[in-house]
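Any value given below was found using the heavy atoms of this structure, including those in side chains, with hydrogens, waters and symmetry copies removed. Residue numbering restarts at 1 for every chain, and letters A, B, ... go by the order of the sequence lines.
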Protein chains: 2
Amino acid sequence: MLHVAEAARVSVATVSAYINGTTTVSQELSGRIEQAIREIGYKRNAIARSLKLGTTRTIGLTVPHITNPFFTDVVSVIQQAFDRAGYAVMLCCTDEDLNNQDEQIRLLLDRMVDGLIIARVGDGAYLKETVERANVPVVLVDREVDGVDSDRVVLDNHQAVFEAITYLLELGHRRIGYITGAFNITPMRDRMTGYHEALLNAGVAFDQSLVRSGDLHEADGYTAAMQLLSLHDRPTAIFSANNPMVVGAMKAIRDLGLSCPEDVSVICFDDFPWADVFNPQLTTIAQPVQAIGEQTASLLLDRLNGNREAPSRRLVLKGRLMVRNSCRPVQALTSVPTVVAASST
Amino acid sequence: MLHVAEAARVSVATVSAYINGTTTVSQELSGRIEQAIREIGYKRNAIARSLKLGTTRTIGLTVPHITNPFFTDVVSVIQQAFDRAGYAVMLCCTDEDLNNQDEQIRLLLDRMVDGLIIARVGDGAYLKETVERANVPVVLVDREVDGVDSDRVVLDNHQAVFEAITYLLELGHRRIGYITGAFNITPMRDRMTGYHEALLNAGVAFDQSLVRSGDLHEADGYTAAMQLLSLHDRPTAIFSANNPMVVGAMKAIRDLGLSCPEDVSVICFDDFPWADVFNPQLTTIAQPVQAIGEQTASLLLDRLNGNREAPSRRLVLKGRLMVRNSCRPVQALTSVPTVVAASST
DNA sequence: TGACTAGTTCGAAACGTTTAGATTAGCTTT
DNA sequence: AAAGCTAATCTAAACGTTTCGAACTAGTCA
């Protein structure tokens with residue numbers, strides 16, 4: 001900017017005024033400045049600007065996995081929304097590691113992000129303190145955290161799972177395997193209560209041996225399903241609390257020479273784009289990813305636009321059961337587990 | 001930092017020296033500074049630091065779509081690599097829009113990113129000029145661009161498609177539908193030459209009517225497949241040049257009451273994690289996403305670590321044909337297109 | 001004619017760091 | 001005791017902006 005000022009024979013203050021349109025600059029000087037800018041190929045240094053202005057027009061976004069299609073979709077929507085609003089997005093993936101995420105949040109705050117969107121991977125001792133200290137608005141998405149009272153948008157996990165399990169019960173299933181993640185994040189807790197209540201509601205006893213917990217990855221789903229399907233009285237249906245784990249579960253079914261839905265019905269949390277073109281077409285609980293992303297972005301943008309003092313807002317969206325063909329009525333089960341032509345290769 | 005200095009009764013220079021370990025600071029002052037930092041909850045302002053140092057420890061990453069599993073995987077790997085190296089990643093998605101991407105690159109450069117990773121969505125007039133002006137290292141990934149001679153990592157697209165098409169030809173297919181994206185990006189051009197050469201090699205005439213071009217989205221694949229399968233002499237196999245389009249193609253097959261592989265064999269570019277658990281298990285060309293991400297990151301990190309003058313490097317990786325069960329020998333085709341029990345719902 | 005106003009332009013401080021070079025204090029050395 | 005080191009600390013400039021308030025120039029009004 002100094003160079004531009006010199007070339008145009010004006011002061012830097014005038015160049016700044018011209019660029020930002022803060023004061024009227026005469027025709028003559030405008031011309032000279034414009035030309036100098038072009039000749040020099042000047043670009044305003046956003047870092048210096050940020051330092052002075054105290055705002056970076058950048059937000060931080062931290063999610064557990066970007067390869068999980070749910071988060072992919074949400075991140076994509078959020079990214080677009082902030083793009084439109086003229087903000088850049090710094091993306092961090094934490095691989096479900098709490099220390100990792102704390103570290104990343106620290107990094108983002110050091111970089112003076114204007115706001116933070118967090119899908120929290122664990123509990124919130126550090127988060128709580130940080131959020132209070134750093135004076136930036138935070139929006140939690142997908143996962144709430146005890147004691148942190150920021151804006152948040154979550155799903156009605158309880159209700160969604162209640163419906164899914166009820167659907168299985170109505171099909172006649174009584175032994176429903178349940179594959180979950182650890183209970184240190186709210187969705188897993190809430191989904192579990194949905195399972196409980198659906199059973200209770202139908203008068204079916206809860207059986208702890210039908211519940212397997214993993215770390216949300218595909219491999220965990222595989223292990224869990226292997227165990228469940230090896231029980232002497234194996235479940236007729238399996239529910240997986242997220243998408244990567246259901247892939248593992250399907251592999252377990254395949255490797256055991258079973259097939260879905262003939263031998264075991266399957267439902268999973270989170271939909272994916274090609275669920276209805278391959279077989280079995282998985283019955284899933286679809287989260288309204290578009291809405292989740294948009295609401296999350298708009299909550300944060302609202303704060304960034306100055307609405308700092310409003311009480312914290314909690315948005316709860318509804319999931320939707322997408323019934324396809326991965327679940328069968330239980331009486332139609334093949335009684336003898338035949339090795340069906342499951343796959344070659 | 002000023003506050004810390006005052007509280008510890010030292011100068012800011014000393015605080016800086018202590019924090020960065022640039023000079024030895026006496027036991028006594030260290031203690032006072034440490035305490036002051038804790039009491040105040042001081043965090044170093046990375047923006048001010050960047051301004052002074054001229055480096056932001058941030059890189060920019062711009063890709064067409066993050067929902068395409070190929071890019072998801074690559075982004076994920078790159079993100080992890082830079083995370084480990086202590087860099088933040090600014091992510092932009094361009095939705096295949098050239099102006100959009102130019103604008104985003106401008107934004108990233110304004111923010112003084114230390115480096116840029118670009119999966120280019122079109123040609124490179126603007127890119128070329130920008131890259132030369134802005135003095136930051138650039139690595140191109142997946143797509144090369146004419147006239148831009150930066151480091152890049154790409155796939156041997158020609159060879160990969162040659163193999164895939166040859167595989168179909170060996171199965172007896174002669175009419176192979178080809179769904180591509182526009183030819184303004186190198187992978188689409190190179191994949192097409194692979195198709196050409198495979199046909200040539202097998203002595204099969206090239207038929208322009210079997211080639212349909214779209215904009216890489218699912219909807220384009222749907223339209224293209226619809227057209228191909230409505231030809232009076234419809235193809236016995238379809239190749240899709242990317243993943244989203246094959247989903248559309250599969251939907252078209254389903255909607256026409258056809259089935260894969262019985263009525264039409266299908267191969268697509270880009271693998272996805274659950275390709276082998278659902279049916280048909282798609283035969284795909286798997287890109288080594290892990291390697292692509294790692295190589296891309298390491299090329300850029302190498303430049304960032306000071307190796308600025310080395311001649312530009314071009315890494316070419318090999319794809320791998322993942323044969324599953326979405327392709328059948330052509331003589332086994334059902335001669336009369338029966339409406340197979342494709343799906344309910 | 002002198003004071004006031006409106007419209008432009010500019011000088012300089014400030015944002016929060018880093019760092020070169022100056023200063024100081026405490027030891028050695030001769 | 002003076003000179004020379006070394007180690008620790010500080011002063012002040014710099015990074016590239018924005019912005020407050022001052023200054024200048026015309027034009028307007030009493």
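- Between C/dC10, C/dT19, C/dC15, one nucleotide has an atom nearer to the side chain of B/Thr22 than all others, and that is C/dT19.
- Residue contacts shown for B/Ile47 are absent, as no nucleic acid heavy atom lies under 4.0 Å away.
- Between B/Gln27 and B/Leu53, it is B/Gln27 whose nearest contact on DNA chain D lies nearer the 5' terminus.
- Residue A/Arg44 has its side chain nearest to D/dT18 when only C/dT18, C/dG16, D/dT18 are considered.
- Using a 4.0 Å cut-off, some side-chain N or O of A/Tyr42 falls inside it from OP1 or OP2 of D/dT17.
- In terms of phosphate contacts, B/Asn45 brings no side-chain nitrogen or oxygen within less than 4.0 Å of OP1 or OP2 of C/dC15.
- In the set C/dT18, D/dG16, D/dT11, the nucleotide with an atom closest to the side chain of A/Lys52 is D/dG16.
- At the phosphate of C/dT9, neither OP1 nor OP2 sits under 4.0 Å from any side-chain N or O atom of A/Thr23.
- Side-chain N/O atoms of B/Thr24 include one lying less than 4.0 angstrom from OP1 or OP2 on D/dA8.
- B/Ser16 comes within 4.0 angstrom of a nucleotide base, judged by non-hydrogen atoms across all strands.
- The distance from the CG atom of A/Asp302 to the CG atom of A/Asp151 is 8.0 Å, given to the nearest 0.5 Å.
- A side-chain donor-acceptor contact under 3.5 Å links B/Thr58 and A/Arg111.
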